[in-house]
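Below: the structure, in structure tokens.
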Amino acid sequence: MSESMSVRCPDCGREHVYAAPAYPCACGTPVAPALNLRAAPTAVTHRTWDEDWVTVRCGSCGREDQWPHPELGCACGTVLRVPVAGALRSPRPRDPNGADPSARPRTAFKPVTIRTARDAITAVALYLRWLGYQDVRRADQRQPSGIGLAARGVLAQVDPSVRPASLRDVECLWLTAMTESTDCVYFSLAGYANDARDRADGLGVSLFVLDLTGTPQPVNGAATELVATGAGA
């Protein structure tokens, strides 16, 4: 279980007891942040990728990845960024048989509830890591809609809008991925137009729908196969 600390809101003075969430590494081990008990929280007034994510090292397999920076919402409306102490780590489990803990099968995906567009991006980043993709980051290429994420071997599109993804949206993602010689995956909160799904099937683009629990659901054959095999296939 993650350690907890007392957090005081700098705007209203309310005290909160905060415990950082643990996220599953691709090897299955939960990792949680080591909180900085001496530093004060700061109010989030604007967002940048570097400030919203922190580096994680899994204590079991040694994998380093970027994970959401711990945050706390105060009742006064202020969002607090909770300070962390260096990298995020998890304790190394002891295997009495001497087996490599990183060789375990994937555990069940633990979703993040989607309330905002940022939550959708966080959910997809966690899901990509759960599938086995490494070095998930913000994509360099901008798409006509939504936010792009990139990792080794994949380009992902996160569309948190209330309209179904269009044929053009799917084709633009596929074309961008083709220029980078990588696979592509689309995550939409509102689903897909019929012609977009047909086109994705023809191009081999994996399509997922995000529900508000933060659990991506595959909606075509390519996505179902990706879930079954993971990134290493």
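Positions are given from 1, in the same order as the sequence printed here. Remember, it's a predicted structure, so these values are computed and weren't measured experimentally.
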Please report the closest heavy-atom contact between Tyr18 and Pro70, naming both atoms and the distance.
-> OH-CB, 3.2 Å

Crowded around Gln134 CD? As in, over 12 foreign heavy atoms under 6.0 Å?
-> yes

Any side-chain heavy-atom pair from Leu128 and Phe187 closer than 4.5 angstrom?
-> yes

Establish, from distance only, whether the side-chain atoms of Ser188 and Asp159 form a donor-acceptor pair under 3.5 Å.
-> no

Thr215 side chain to Pro111 main-chain N or O, any donor-acceptor pair under 3.5 Å?
-> no

Distance from Ile114 atom CD1 to Leu212 atom CG, nearest 0.5 Å?
-> 6.5 Å

Distance from Ile147 atom CD1 to Arg118 atom CZ, nearest 0.5 Å?
-> 12.5 Å

Should Asp169 and Arg163 count as an ion pair when the cut-off is N to O under 4.0 Å?
-> yes

Side chains of Val82 and Glu71: closer than 4.5 Å at any heavy-atom pair?
-> no

Between Leu203 and Leu167, is there a shared hydrophobic cluster once you connect ILVMFWY residues whose side-chain heavy atoms come closer than 4.5 Å?
-> no

Return the minimal non-hydrogen interatomic distance between Ala177 and Cys184, and the atom names on each side.
-> CB-CB, 3.6 Å

Spacing of CZ belonging to Arg14 relative to SG belonging to Cys9, to within rounding of 0.5 Å = 7.5 Å

Is the centre of the Tyr127 ring less than 6.0 Å from the centre of the Phe109 ring?
-> yes

Between the side chain of Arg197 and the main-chain N/O of Val219, is any donor-acceptor distance below 3.5 Å?
-> yes

Do Val112 and Leu189 share a hydrophobic cluster, counting only Ile, Leu, Val, Met, Phe, Trp and Tyr and linking them when any side-chain heavy atoms are less than 4.5 Å apart?
-> yes

Qualifying residue for side-chain contact (heavy atoms from CB on, under 4.5 Å) with Gln157, from Val124, Leu173, Val170, Leu149 | Leu173

Can you name the nearest heavy-atom pair linking Cys12 to Cys74, along with the distance?
-> SG-SG, 3.5 Å

Nearest-0.5 Å distance, CD1 of residue Ile121 to CG of residue Leu210 | 10.5 Å

Is there a chain of hydrophobic side chains (I, L, V, M, F, W, Y, each step under 4.5 Å between heavy atoms) that links Val185 to Trp174?
-> no

Heavy-atom pair of closest approach, residues Ser6 and Glu15 | OG-OE1, 2.6 Å

Is Asn220 reaching over with its side chain to a backbone N or O of Leu207, donor-acceptor style, under 3.5 angstrom?
-> yes

Separation between CG of Leu80 and CZ of Arg8, rounded to the nearest 0.5 Å | 12.0 Å

Is Phe208 linked to Val205 within one hydrophobic cluster, defined over Ile, Leu, Val, Met, Phe, Trp and Tyr using a side-chain heavy-atom separation of less than 4.5 Å?
-> no

When every non-hydrogen atom of Gly204 is compared with those of Ala222, the smallest separation belongs to O-CB, 4.1 Å

Answer yes or no: is there a donor N or O on one side and an acceptor on the other, between the side chain of Asp119 and the main chain of Thr122, under 3.5 Å?
-> no

To the nearest 0.5 Å, what is the distance between OG1 (Thr224) and CG (Leu226)?
-> 9.5 Å

In sequence, state the C-alpha distance, the side-chain angles, and the governing distance for Val7 and Met5, and then conclude on side-chain contact (heavy atoms from CB on, under 4.5 Å).
-> CA-CA 6 Å; Val7 177; Met5 65 180 290; 4.0 Å; yes

List the atom of Val209, the atom of Gly191, and the distance in Å for their closest heavy-atom pair.
-> CG2-CA, 4.0 Å

Do Trp130 and Tyr186 share a hydrophobic cluster, counting only Ile, Leu, Val, Met, Phe, Trp and Tyr and linking them when any side-chain heavy atoms are less than 4.5 Å apart?
-> no

